[in-house]
Amino acid sequence: MSPTREVRIEQVAREDLVMFVNACFSCTGQREFYGDARGQTVSIEFLHQYILGNYRRLYRRTLAAGINHFNQAQILLNLLAAGSPVDAEDRREEGALIAAALRGLPTQRAFRVLESLRSRRINNRRARAVAREYVAGRSHLPFDAVKYRSKLRATAAHCHLKLPGETGPFLFHGWKKRVFVEPLLESFRQAHFSQGALYGLPFTVAEGLASRHGVPRDVFLQRIEPRLTQAERLRLQESAAREGGVEPPVDLARAPLTKLASYALSLDVETRRARRAELHAALERSAARVLARAPSALGRVAVVLDNSYSASGSSQKRRRPLAVALAAHYLLEGAAREFRAFWTSPVEEPLLATARGQSDLATPLLEALSWGADLVVIVSDGYDNDPPGAVAELTRVYRAKLDPARRTALVHVNPVFDAEEYSPRAFGLAVPTVGVRDAEDLPTVLGFARFAEGTATLRELEQYLAARVAPWLERDAGLRSRAAEEGEA
Amino acid sequence: MKDTRLIQKLEPRGLRLAPSQVWGRLRLVPVLRDVVRDDLRLSRRRYGEDLSVVTLEGALKGRGLAYVTYIPHGLVVDWSPRQADATYGTRLQAQDGKRTKAGPGSVRLLHRMVHREDKHQLRMLPLHLAMEGFLALHFGGPDIAWSEYSREALARGLSPRSEQAVPGWSEPLLDGALRTFELHERQVGLLLFNADELLSAFIVAHPDDYRLLHRTLLEDFYGELLLQFGFLTEAPPLGLSIDDARVANLEDLKAEVSRMRADWGDFHAFMAGGLFGVEVTSRKVYEAGPFLLQRFHTSLVPSEENHLGEAIVGPDGALEYLKTFRLSSAQTRRAYLLQQLAASDWALDEAAEVMRTTRDDLLVRLHNAGFGYLVKPNVLAEARRSMGRAR
């Protein structure tokens, strides 16, 4: 093979992988402002199959790269469907990655993966072993049996699992047949006949039964309140107020950053203004917590934030791009020595931002550049229309004429996946574009940006992915042993 | 004395064009207004009926001329000096016309195209006003009983005359384009291009009104060009670039970006040259305080781009409201023929001479344009025979 051809092959491989990892940061298969859900799913499925077929080792290592849950689940399913690799070392690594990734997923997503094994007709020895191990590792199986009833049942039946204790009879012999010793299972049985037992169940299970009993919504919400999880509390704020009930008290300090930003933006401007101090403090604390986990010290940082109308997202991802922008604001403010934010349409206060107006990114970007930042982060969906293509031109000329030595680093962070391009939409070649779903991933994503820029080699990318595998597996092992200790104690 | 506020030539004074936003083959160009006056406000009034009958003469249910079409919404114009928020919400429920059942559907009877409702308020039917004016062009038929014209033409003129238009929702792309369009802060209007042909212009006086009326563009009707260009795929992404050689520092870069923005405005103004800057013929419709409501049409010459529309002009001659409709070529041809006939008092020979053609050719063209019923059948048959021989 001639050397030029080899170089070209390597380049194609690198571009494919960068595109894939980038897509895995942002795509969730949901509707976006400019694209529909169907196009998203088709696009991302194709990418997965393509990478799995050509670069299997890198495909599984992507699991450790900090990509979003939707894509982790996709990778798990595709790997399980593809069967075990022949090489023993590969098999060991893949097995460890699959098990760790499944444990790391939120419970409902993990069970969804296991349930999908049945609908996709995957039933090889490894898939069964993975399911068995996952179910065996659950700390409180009766709870899962109540909350994820159909999914656990499907998994157990499909993979021939033996469930311990009363869980098996509960799922397979019908809960009406007998009285249970396990209190949760017994509550579930009783809740079908008496309203009183409802309030011993998890919220999502009780909700359906309550409506069958005709319990008024506000009464139900009030009495179930102690059983609510943090995420459920946050989610219920708006609807509880609408139904005339009392909003369940929520501990804002414990909410994750982007969710918190989403919640703040769902309030109307007057409420936000009134609760400004409280929300501001919560966001700052949440950002600090992210930075404590993944510390990154940055110098003089300017951030260009897009709050044009398209930041309002879609019916499935309401205000998501704007929430990511707001969260990025707090996160980078916490990480930077000096910090300034430039919005496309100026806001008096970041908390009061609304998605409105056209995307004029050129003006704030110019302001950011003339402020003299070391790092300029653009958070935008990649559409600029006033004037169109201005950012691409501006950054090209800036790189070529004003800053050829790259004193200022430019990064474009995009929370929106563009189905037609199989990647988040970019602003020309002068700015690397990386996808992101949660602002919490920003430290990871910024590390990945140098690959998106195209200056790093394939070898470096391979090393980057390989280097993330070991610590990730170690962290999983640590979490497991801690959980085991707690279980014993 | 001729009113100076009557438009001779459409000029977008005080208005700016911003860079366009493209969705498929639709290009939407925002129109911005820097100085906004607060005393002319528009709001929407919804009609839910399948059909509307607008009486142009006589009483609401009596005999007389009527305009029959589907009207999804009307506009309420308010020009009281201290108006503002009162219009929105409070008067929207005002009684407007009458609603009756007709078989499975419902019909709304409306009184006049423009209807004064209060001292400082009137209701109008947007675009239908202009369309009705177009349909009424030389509607009465020949004034002199030339022997060629049929009895029907002499007795009833062009009645009933009909034209077709395309409702906005029949083009799925338009919905996407309006949904994803990002409104500017000072935006008061929109130019709509399909495959880079100007289809319509919509301009109001106040940015807040435009924000509320933006989605009504989907319910409006457009020229056939909206559907005709279905096979053309995308409006080309026109890239303007920055010249490297002219940039030495950040200030230059800033200047170049604003030049880029200005270039876009000039470019769109050039593309909209078939509407802005050409001579129009306008007629006064209603005098609303200091404002003048009028309808207009462009030259109606078949070789040119032709629009008809309605406008409200302020006391200083500034364009406060505009809504236009692009005529299809068939519509233009019809209008042109009627215009030429009327100009020569419906004398066929004279008109043919003005149009530099033969009488027979003119008759065949009249027939092809759908006006065959104006002429006696034997005259038309004779003309077609002789044209056939000539060929």
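Naming convention: chains lettered A, B, ... in sequence-line order (proteins, then strands); numbering from 1 in each chain.
Taking each heavy atom of B:Leu253 and A:Leu402 in turn, the nearest pair found is CD2-CD1, 4.0 Å. Closest approach of A:Ala390 to B:Met260, counting heavy atoms only: CA-CE, 3.9 Å. When all heavy atoms of A:Glu393 and B:Ile242 are compared, the closest pair comes out as OE1-N, 2.7 Å.
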- Message: Run the side-chain contact (heavy atoms from CB on, under 4.5 Å) test on B:Glu256 and A:Leu394 for me, step by step, so that the C-alpha distance in whole Å, both residues' side-chain angles and the decisive distance to 0.1 Å come before the verdict.
- Response: CA-CA 9 Å; B:Glu256 283 297 300; A:Leu394 201 161; over 6 Å; no

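Under a cut-off of 6.0 angstrom, the local environment of CZ in B:Arg215 is crowded, with over 12 non-hydrogen atoms contributed by other residues, nucleotides or ligands. No more than 12 heavy atoms of other residues, nucleotides or ligands sit less than 6.0 Å from atom CD of A:Glu420. With a 6.0 Å radius and a threshold of 12 heavy atoms from other residues, nucleotides or ligands, A:Leu429 has its CG atom at or below the threshold.
Expressed to the nearest 0.5 Å, how far CD of A:Gln358 lies from CZ of B:Arg186 amounts to 11.0 Å. Here B:His184 contributes atom NE2 and A:Asp386 contributes atom CG; the two are 4.5 Å apart, rounded to the nearest 0.5 Å. In this structure, CG in A:Asn385 is found 7.5 Å from CZ in B:Phe181, a value given to the nearest 0.5 Å. The CD atom of B:Gln21 sits 11.5 Å away from atom OH of A:Tyr309, with the distance rounded to the nearest 0.5 Å.
The most heavy-atom pairs under 4.5 Å with chain B, out of A:Ser312, A:Ala355, A:Ser308, come from A:Ser308. Taking chain B as the reference chain and counting heavy-atom pairs below 4.5 Å, the highest number among A:Ser359, A:Gly389, A:Ala362 is found for A:Ser359.
Remark: the backbone N or O of A:Phe33 is paired with a side-chain donor or acceptor of B:Arg179 at under 3.5 angstrom.
Heavy atoms closer than 4.5 Å to chain A are found in the backbone of B:Ser20, but not in its side chain. For B:Leu183, the part lying under 4.5 angstrom from a heavy atom of chain A is the backbone only. With a 4.5 Å cut-off on non-hydrogen atoms, B:Ala262 does not touch chain A at all.
In this structure, B:Leu250 and A:Tyr398 have side chains that are in contact, with non-hydrogen atoms separated by less than 4.5 Å.
The existence of a salt bridge linking B:Asp252 and A:Lys401 is excluded, since no basic side-chain nitrogen approaches an acidic carboxylate oxygen closer than 4.0 Å.
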